[in-house]
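Note that this is a predicted model, so its numbers are computed, not measured.
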Amino acid sequence: MIMYDENKSIYRYKRKLLPIEAAFIRSPGAIIASVAEISGYVDEDKFKYAVKKLRKIHPILNARLVWDKNGESWFHEMDYDFPVSIILRNDDGDFSKVIASEWKKSFDMLKGPLSRFILLKSDIKSEIIFIAHHSLSDGVGMTILIDQILQLMNNPNMEFEVDYGEDLPSIENFKKYISKFKINFFEELKNKSMTTFLNTRWKRTKIYLPPEDVARSHKAFFKDFDYLVLIDEFTEEETLSFINECKKHSVSVNSAMAAAFLAARNEVDKAHDNHRQLIPVDLRKHLGKKAKKSASCYAGSIDIEYTYDMEKSFWENAKAFHEKSKYALNNFKDIEKVNALSYFSTDLVEASMLSQRVLANSETYKEFPYSNKLGKRSNHVAAVIGKNLIRQTPSFTITNMGSPKFSNNYGDLKLEKLILYPSGVSYPRMNILFSTITINNKLFVSYHVAKNILDKTIDYDKTVNLIKERFKKILIKDIYA
């Protein structure tokens, strides 16, 4: 929605958050980041100009959150002085330290903006770091922004179409573009009836969630949790050999990596239950042209139930996982999830997702006035939904971005590496997010773990390092045996 600002005499970007975006608002650690390593000399002024122009291309980057009198959340574009951070780069590990520091800084959602740009600069190598709240963007959106900012640094006069009316992942837009998609009438009637009942209960028993508590809960969360992020990369030879082996066995790269992770975790962390997996799906693929270059959040997913069978070979497991994921994608149900979710008011979505955090981390939230109503013993509608959601929480998530379709060379600048940092989680079952992307025929992998500082029984660093080592060994050696 574009609103006319009478004071400024210009058009402003303003729209209500969709439920799939609102789900991230009260999720501490729902911060995503990307790091692009570039070779070549980076001109600071060109970088600053590129960021400024990028914010005009994507007005959501200038947004703050506003809650209306009904508790619904809105994106509002604001005028800001957008300083970018420029830091002297000393060695290759600097960006990890910057990310670790930045992750603990909550976004002021009431003042905005919900994104930050950082340049780690040296004469030979530099890193562009983009950090955003997950309600604003997703992993694909981040790769789009990295590509565009590099294009603008190479050619400041480069023009991109500014499209405020982007195709958002709403059920109305899905119906418009997916002619083959038929929403089951009886399923829709059931969803409507259920959500009408729950929304009615919510209206009668609303819990007041102060907007300023978004920052407060983030601060409380990081008293109890640290993030451990491990990164790894495969050589071009290792990557291409692995991809060729996948082709030979008619298995997707995603399925082979998922099988390798499950095998590694089974060996290293035998007590961990991995039977439910979640694979993110880019909902842009199911919408029109305007969605293809959008920076907004289009985070869908498919759920798979699979237990790695140690009695079978790696490729037998990978093929079984591949068939399950192929079936799930061919019978894609996430549109039905979006459809069902679209009937909920966004403030109920906020409360029910917050309830999951209260249930999983009661000590973190015990000082909050609404914690009892959202906790284990409560039968409040938000708590009931939260309890149901936490039971369905997957035990493992893999985000495979594949090979983004953009150039690796931008004039005198070359994109050497691109590393993605997925949003953090802290549920006991799903405590590792696994993210991959392929750039310059090299596979880059990141392991993202929420470490409970208070839990001294788990050596997170040792466990994840062992999984990382075992995973790589499986992909570059064991599967060829």
Original post:
For D461, does the CG atom sit with more than 12 other heavy atoms under 6.0 Å from it, leaving out its own atoms?
Top reply: yes

**OP:** Kindly compute the distance separating CZ (R265) from CZ (F434), expressed to the nearest 0.5 Å.
**Re:** 11.5 Å

Subject >> Sidechain-backbone polar pair: N154 side chain, L150 backbone, donor-acceptor under 3.5 Å >> reply: no

Original post:
If you look at every heavy atom in E238 and K472, which pair is closest and at what distance?
Top reply: OE1-CE, 4.0 Å

**OP:** Indicate the atoms forming the closest heavy-atom contact of K462 with D459, along with that distance.
**Re:** N-OD1, 3.1 Å

**OP:** Using the salt bridge (Lys or Arg N to Asp or Glu O under 4.0 Å) rule, take E21 and R15 through it: C-alpha gap first, then chi angles, then the decisive distance, then the call.
**Re:** CA-CA 12 Å; E21 296 167 321; R15 70 168 174 85; 2.8 Å; yes

**OP:** Can you establish whether the number of heavy atoms outside K289 located under 6.0 Å from its atom NZ is more than 12?
**Re:** no

Original post:
Do T364 side-chain atoms and A220 backbone N/O form a donor-acceptor pair below 3.5 Å?
Top reply: no

**OP:** Indicate whether any N or O donor in one side chain lies under 3.5 Å from an N or O acceptor in the other, for S27 and R357.
**Re:** yes

**OP:** Check for a donor-acceptor pair, side chain of R89 on one end and backbone N or O of D94 on the other, with a separation under 3.5 Å.
**Re:** no

Original post:
Short question: side chain of N173, backbone of L168 - any donor-acceptor pair under 3.5 Å?
Top reply: yes

Original post:
K111 side chain to R64 main-chain N or O, any donor-acceptor pair under 3.5 Å?
Top reply: no

**OP:** Kindly compute the distance separating NZ (K417) from CG (N408), expressed to the nearest 0.5 Å.
**Re:** 14.0 Å

Subject >> side-chain contact (heavy atoms from CB on, under 4.5 Å), paired with P169, selected from I20, V338, I335, D282 >> reply: I20

Original post:
Does one side chain, of Y460 or D226, offer a donor that lies under 3.5 Å from an acceptor on the other?
Top reply: no

Please tabulate, one pair per line, all N/O donor-acceptor pairs under 3.5 Å involving side-chain atoms of residues 30-43, not counting sequence neighbours.
residue: S39; atom: OG; partner: E416; partner atom: OE2; Å: 2.8
residue: Y41; atom: OH; partner: K121; partner atom: NZ; Å: 3.4
residue: D43; atom: OD1; partner: D45; partner atom: N; Å: 2.8
residue: D43; atom: OD1; partner: K46; partner atom: N; Å: 3.0

Original post:
Are the side chain of E72 and the backbone of S345 linked by a donor-acceptor contact shorter than 3.5 Å?
Top reply: no

**OP:** Determine, step by step, whether I86 and K48 satisfy the side chain to side chain contact (heavy atoms under 4.5 Å, CB included) criterion, reporting the C-alpha distance in whole Å, the side-chain angles of both residues, the deciding distance to 0.1 Å, and the verdict.
**Re:** CA-CA 9 Å; I86 298 178; K48 291 175 183 176; 3.6 Å; yes

Original post:
Does D123 CG have over 12 foreign heavy atoms under 6.0 Å away?
Top reply: no

Subject >> Among L110, L136, I25, the one residue meeting side-chain contact (heavy atoms from CB on, under 4.5 Å) with L65 >> reply: I25

**OP:** Start with the C-alpha gap between I302 and L329, add the side-chain angles, then the distance that decides, and say whether side chain to side chain contact (heavy atoms under 4.5 Å, CB included) holds.
**Re:** CA-CA 7 Å; I302 58 171; L329 285 167; 3.8 Å; yes

Original post:
Can you name the closest pair of heavy atoms from K53 and E159 and give their distance?
Top reply: NZ-OE2, 3.2 Å

Subject >> Ring-ring centroid check F396 F261, cutoff 6.0 Å >> reply: yes

**OP:** Kindly say whether the aromatic ring centers of Y227 and F222 come within a distance under 6.0 Å.
**Re:** yes

Original post:
In terms of side-chain heavy atoms, does T239 have a donor or acceptor partner in N441 at a distance below 3.5 Å?
Top reply: no

**OP:** Please examine the side chains of L443 and V253, heavy atoms only from C-beta on, and report whether any two atoms are closer than 4.5 Å.
**Re:** no

**OP:** Determine yes or no for a side-chain-to-main-chain donor-acceptor pair under 3.5 angstrom, with N440 supplying the side chain and K442 the backbone.
**Re:** no

Subject >> Closest non-hydrogen atom pair, L374 against A351 >> reply: CD2-O, 3.9 Å

**OP:** Scan side-chain atoms only and decide if Q151 and D147 contain a donor-acceptor pair under the 3.5 Å cut-off.
**Re:** yes

**OP:** Please check if atom CD in E212 has more than 12 non-hydrogen atoms from other residues, nucleotides or ligands closer than 6.0 Å.
**Re:** yes

Original post:
H448 side chain to P422 main-chain N or O, any donor-acceptor pair under 3.5 Å?
Top reply: yes

**OP:** Could you label the plane-to-plane angle of the H76 and W74 rings as parallel, tilted or perpendicular, counting under 30° as parallel and over 60° as perpendicular?
**Re:** perpendicular

Original post:
Hey, is the main chain of P210 close enough, under 3.5 Å, to the side chain of R216 for a donor-acceptor pair?
Top reply: no

Original post:
What orientation do H133 and F107 show, parallel under 30°, tilted 30 to 60°, or perpendicular over 60°?
Top reply: perpendicular

**OP:** For the pair Y365 and S217, evaluate side chain to side chain contact (heavy atoms under 4.5 Å, CB included) and give the outcome as yes or no after the intermediate values.
**Re:** CA-CA 7 Å; Y365 292 92; S217 62; 3.8 Å; yes

**OP:** State, to 0.1 Å, how close L61 and P113 come at their nearest heavy-atom pair, and which atoms those are.
**Re:** O-CB, 3.5 Å

Original post:
Closest heavy-atom contact between I437 and G402?
Top reply: CG1-O, 3.6 Å

**OP:** Please work out whether the ring planes of F174 and H286 are parallel, tilted or perpendicular, with thresholds of 30° and 60°.
**Re:** perpendicular

Subject >> Atom pair OG1 (T463) and NZ (K451), whose distance is rounded to the nearest 0.5 Å >> reply: 10.5 Å

Original post:
Is there a donor-acceptor pair closer than 3.5 Å between any side-chain N or O of H322 and the backbone N or O of S325?
Top reply: no

Subject >> S252-N254 side chain donor-acceptor pair, cut-off 3.5 Å >> reply: no

Subject >> Atom CD1 of I453 with >12 non-hydrogen neighbours under 6.0 angstrom >> reply: yes

Subject >> Heavy-atom side-chain contact between F321 and V251 under 4.5 Å >> reply: no

Original post:
Within a strict 4.5 Å, meaning less than it, do heavy atoms of the F444 and T438 side chains meet?
Top reply: no

